[in-house]
2 protein chains.
Amino acid sequence: MPYDPSAFPPFAVTVDLVVLTVRDHALSALVVRRGEPPYQGRWALPGGFVRADEGLAEAAARELAEETGLRAQQPSGPGAGLGAHLEQLATYGDPQRDPRMRVVSVAHLVLAPDLPAPRAGGDARSVRWAHVGELLGRTADSATSLAFDHARILADGVERARSKIEYSSLATAFCPPEFTVGELRRVYEAVWGVALDPRNFHRKVTGTPGFLVPTGGTTTRQGGRPAQLFRAGGATVLNPPMLRPEV
Amino acid sequence: MPYDPSAFPPFAVTVDLVVLTVRDHALSALVVRRGEPPYQGRWALPGGFVRADEGLAEAAARELAEETGLRAQQPSGPGAGLGAHLEQLATYGDPQRDPRMRVVSVAHLVLAPDLPAPRAGGDARSVRWAHVGELLGRTADSATSLAFDHARILADGVERARSKIEYSSLATAFCPPEFTVGELRRVYEAVWGVALDPRNFHRKVTGTPGFLVPTGGTTTRQGGRPAQLFRAGGATVLNPPMLRPEV
DNA sequence: TGAATAGTGTCTTTAAGACACTATGTG
DNA sequence: CACATAGTGTCTTAAAGACACTATTCA
């Protein structure tokens, strides 16, 4: 088959977003309610068409800003500052995944600190945080199960987040700029759904060079003895990794 | 923005393949010579358009068969048997990545045992194995540097393979159906570009339950004392992982 | 005072790193 | 024979698991 650019089947290309955060001790994802068919009234992942002149990560960052006001912090992006972690997740292109036409969706994963209530976009769709446990529960009732193949995409995003905080410092992306060791531990516990030993966890994270940098401040917002505040250090890779306990 | 399926910019969607194998102690990739502009005469990754009615993995498996005759062995595919490991790698969609039009390419990673000489496809393009070290070398001369953004895609695929053999049993995908511990060790050494202690390696792989299953046979094809033959066991995850030595 | 969280230290256990040594084939 | 590769064992070291114990706040 010669490479003939004039004879290709046209596809629609979209980005879908798995936006994760930790709210009240549970891993949660951002979902929007669909206002029109198909799957009208069902919850779905935020997303939209990639424009003709923008890159994939660019489209994902734009959609993220439209839905949440968050500024994406791409690994290599120049705009350093506050914002959420954004990375490509995977691409979904089953011919039947959208009943209307052939759509290939490039899913992206966003890890964000706990935010104020999500703001509805300009199109006034309703938006909310939902615990991933509910969204991925076995009961496939239409009140909670996601539209299209979004349950699969969400599951892949959750699994990516769970495995990536093992060997990277990405768990800090779920934390505010300054946080305590205990707050970071509660992130791991929420994402993995396990309880961790506070003492061994403290030894591990404070003993890993470049992971945490003390800011000098303390806080008592968790109650109990005042805890040191840290910010994320320069290290991105955790070696040896944080071990996820067996279930 | 309402979700209007009639107003989307059309994209071409392709699959590109990073096909890796270990040949004469070096990690090698399959490349094809381009017969037409742009980048005429340059080497590129194999790939092609996704058809209107096929899925992404399906398209990748079809292209792989066309280029090499290999049957893909997808993680969840029903067609168990001999074949190469196939998984999605990442998607590349920079607006400028193809000078002719807007192309989004879903790259796939294939890990294959050392094969007989690749067969040219029906279109008689020339095909060869090249050491990834040469393809990714710093010298950007057009004799070796790849067309389009394929050097970046190849680098991402190599990095995926290097990290994935740490915590999975995927290194066996580079081996024939029956292999020795020494042959498996040479796979790790070629992919990582390091030397491993044969004795500690032997202890590690034979001590990991489900990684290797002895077949009872022995071989002397590597010279020296006859070595036991193994095949890949059912385990897919290595816990604890195989540790990649620091450089 | 009691409850909660923060932080340090100690002992045990797992598994990797660095070897010595033996086994069994080929030229 | 020399030499190559295969395979086992031993000692040391790094780091996780399982705790005990102290520190500092608030109600």
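Chain letters run A, B, ... following the sequence lines, proteins first and then strands; every chain starts at 1. Since the structure is predicted, the reported quantities are computational estimates derived from the model, not experimental observations.
For the contact set between residues 220-227 of chain B and DNA chain C, defined by any heavy atom under 4.0 Å, the members are G224(B), R225(B), P226(B).
Considering only residues two or more places apart in sequence or on other chains, E159(A) meets the side-chain hydrogen bond (donor to acceptor under 3.5 Å, both in side chains) condition with none of them. For A227(B), the side chain to side chain contact (heavy atoms under 4.5 Å, CB included) partners are T180(B), not counting sequence neighbours. Residues passing the ring pair (Phe, Tyr, Trp, His ring centres under 6.0 Å) test with W43(B), sequence neighbours excluded: none. Residues passing the ring pair (Phe, Tyr, Trp, His ring centres under 6.0 Å) test with Y167(B), sequence neighbours excluded: none. Partners of H202(A) by side chain to side chain contact (heavy atoms under 4.5 Å, CB included), not counting sequence neighbours, listed by chain and number: V181(A), T206(A). Applying the side-chain hydrogen bond (donor to acceptor under 3.5 Å, both in side chains) test to E183(B) and every residue at least two apart in sequence or in another chain returns R221(B), Q222(B). Looking at residues two or more places apart in sequence or on another chain, you find a side-chain hydrogen bond (donor to acceptor under 3.5 Å, both in side chains) between D149(A) and R97(A). In this structure P198(A) satisfies the side chain to side chain contact (heavy atoms under 4.5 Å, CB included) test together with R185(A), sequence neighbours excluded.
Atoms CG (N239(B)) and P (dA15(D)) sit 17 Å apart, rounded to a whole Å. Atom CG in L196(A) sits about 19 Å away from atom P in dA15(D), given to the nearest Å. For M242(B) and dA15(C), the CE to C1' distance is 13 Å, given to the nearest whole Å. The CZ atom of R244(A) sits 20 Å away from the C1' atom of dA15(D) (whole-angstrom rounding). Computed from coordinates, the F201(B) CZ to dA18(C) P distance equals 16 Å when rounded to whole Å. In this structure, CG of D197(B) is placed 12 Å from P of dA16(C), rounded to the nearest angstrom. Rounded to whole Å, atom C1' of dA15(C) lies 9 Å from atom CG of L243(B). Going from atom CG of L229(B) over to atom P of dT5(D) covers 17 Å, rounded to whole Å.
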**Request:** Kindly indicate, with the supporting measurements, whether the criterion side chain to side chain contact (heavy atoms under 4.5 Å, CB included) is fulfilled by R186(A) and H25(A).
**Result:** CA-CA 7 Å; R186(A) 278 179 279 273; H25(A) 288 196; 3.5 Å; yes
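Of the two residues near DNA chain C, P240(B) and R185(A), the one whose nearest nucleotide lies more 5' is R185(A).
Between R152(B) and D156(B), at least one side-chain N (NZ, or NE/NH1/NH2) sits under 4.0 Å from a carboxylate O, which counts as a salt bridge.
Close to dA16(D), at under 4.0 Å from its OP1 or OP2, lies a side-chain N or O of K204(A).
Note that the two end axes of the helix from dT1(C)-dA27(D) to dG27(C)-dC1(D) enclose an angle of 0°, each drawn from 5 base pairs, rounded to 10 degrees.
For residues 209-220 of chain B, there are no side chain to side chain donor-acceptor pair (under 3.5 Å) pairs, not counting sequence neighbours.
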Can you name the atoms? Protein N/O to nucleotides 8-13 of chain C N/O, anything below 3.5 Å, with the distance.
residue	atom	partner	partner atom	Å
dT10(C)	O4	R203(A)	NH1	3.3

